[in-house]
Amino acid sequence: MPTPVVVESGEIHEIHTDADVVRVRQAARTLALSAKLSLVDQTKLVTAASELARNTLVYGGGGRATVEVVRLGPRRGVRAVFVDEGPGIPDLDLALTDGWTSGSGMGLGLSGARRLVDEFEVSTDVGTGTTVSVVKWTR
Amino acid sequence: MDRVPILKIGDILLVSIQVDLQDHIALALQEDLGDKIVATSARGVLIDISALEIVDSFIGRMLSTIASISRVLDAETVVVGMRPAVAITLVELGLSLGGVRTALDVDRGMAMLAASTEVRDDELEPDEHGAIDTVSAPGD
Ligand SMILES: Nc1ncnc2c1ncn2[C@@H]1O[C@H](COP(=O)(O)OP(=O)(O)O)[C@@H](O)[C@H]1O
Ligand SMILES: [Mg+2]
């Protein structure tokens, strides 16, 4: 039987403004510290969270982030889940291409965030919304 | 806070980013710096990011844009104080910070700006000595 992921603590943050994106970054930082991620891994997780929170705001039309300290057996990690009820992503492969943007960004948010974390999942439906879930584990 | 302060030291503008920047404040800083370079005829811009815990693609683009704007306005930009963990993360994110000059700390950044300002002053000298130099220069 697989070991279940245990959620040790968590917070939910609404994302409707630039200031909310900053709050999500700060929450990710605080939980990454308490999960004892290394400084580089904290920085990677917070950077990924910043990119995904901005996407939730800009493309998803707002939504929310759940940031949690999780444990799987002996390993701790931080999970961040971004949910919106926006337009969805019609071509996910394209959206995950480095440098591709439908707006005026650098097109590195989704693809870059995927490189920065250990687990990365997107579920999206046109007209329904987008959920992006990432996890960074301690080494 | 809704503006990042810009200090003028000699002909250099110094920006020390001390807060976790909201996107619209980063955009305002780009515009403010452009205005201030023109208003003060600054020759250099020094941006200290040693307090920044992350640089994501938005802040990265802001730094590249500031470097481009100042180049067009005849000023040099140097970004100083990037933390090692931030630098490692930037590379993995895929950001190249194209066209942005960097230095380890404020002192070295100042020295870099002073050096490039001096070089340009030398280039300007013939003009200051009148038209004769200019006339004899081509083809010699
Ligand atoms: N939550 C979302 N809802 C809808 N579309 C999204 C969402 N997140 C990302 N996208 C799409 O994926 C593209 C790539 O995103 P990203 O890599 O972050 O680059 P950028 O933000 O610079 O456009 C976006 O331009 C957008 O079209
Ligand atoms: Mg993005």
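Sequence lines set the chain letters: A, B, ... in the order given, protein chains first and strands last, and positions in each chain run from 1.
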Return yes when atom [atom1] of [X] has more than 12 non-hydrogen atoms of other residues, nucleotides or ligands closer than 6.0 Å, and no otherwise.
X        : atom1 : value
A/Lys36  : NZ    : no
A/Ile12  : CD1   : no
A/Glu121 : CD    : no

Could you check whether any side-chain N or O of [X] sits under 3.5 Å from a backbone N or O of [Y], counting only pairs where one atom can act as donor and the other as acceptor?
X        : Y        : answer
A/Asp20  : A/Thr17  : yes
A/Asp84  : A/Thr130 : yes
A/Ser50  : A/Thr47  : no
A/Asp125 : A/Thr128 : no
A/Thr43  : B/Ala85  : no
B/Asp56  : B/Ile59  : yes

Counting heavy-atom pairs under 4.5 Å to chain A, which of B/Ile54, B/Ile88, B/Leu90 comes out on top? B/Ile54
Can you tell which of A/Gly107, A/Ser104, A/Ala113 has the highest number of heavy-atom pairs within less than 4.5 Å of chain B?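 Heavy-atom pairs under 4.5 Å are most numerous for A/Ser104.
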Looking at chain B, which one of A/Gln26, A/Arg115, A/Gln42 has the largest number of heavy-atom pairs inside 4.5 Å, strictly under? A/Arg115
A/Val21 versus chain B, heavy atoms under 4.5 Å apart: side chain, backbone, both or neither?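 Nothing of A/Val21, per the 4.5 Å heavy-atom cut-off to chain B.
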Using non-hydrogen atoms and a 4.5 Å limit, figure out which bit of A/Arg54 sits close to chain B: side chain, backbone, both or neither. side chain
Flag for B/Ser70-B/Thr77: side-chain donor and acceptor within less than 3.5 Å: yes
Over all atoms of both residues, closest heavy-atom pair of B/Ala75 and B/Ala42: CB-O, 3.6 Å
Counting only non-hydrogen atoms closer than 4.5 Å, can you tell me which residues of residues 93-114 of chain B sit against chain A? B/Leu93, B/Gly94, B/Leu95
What parts of residues 59-82 of chain A touch chain B if we use heavy atoms and a cut-off under 4.5 Å?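 Within residues 59-82 of chain A, no residue comes under 4.5 Å from chain B.
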Presence of salt bridge, A/Asp118 and A/Arg139, under 4.0 angstrom: yes
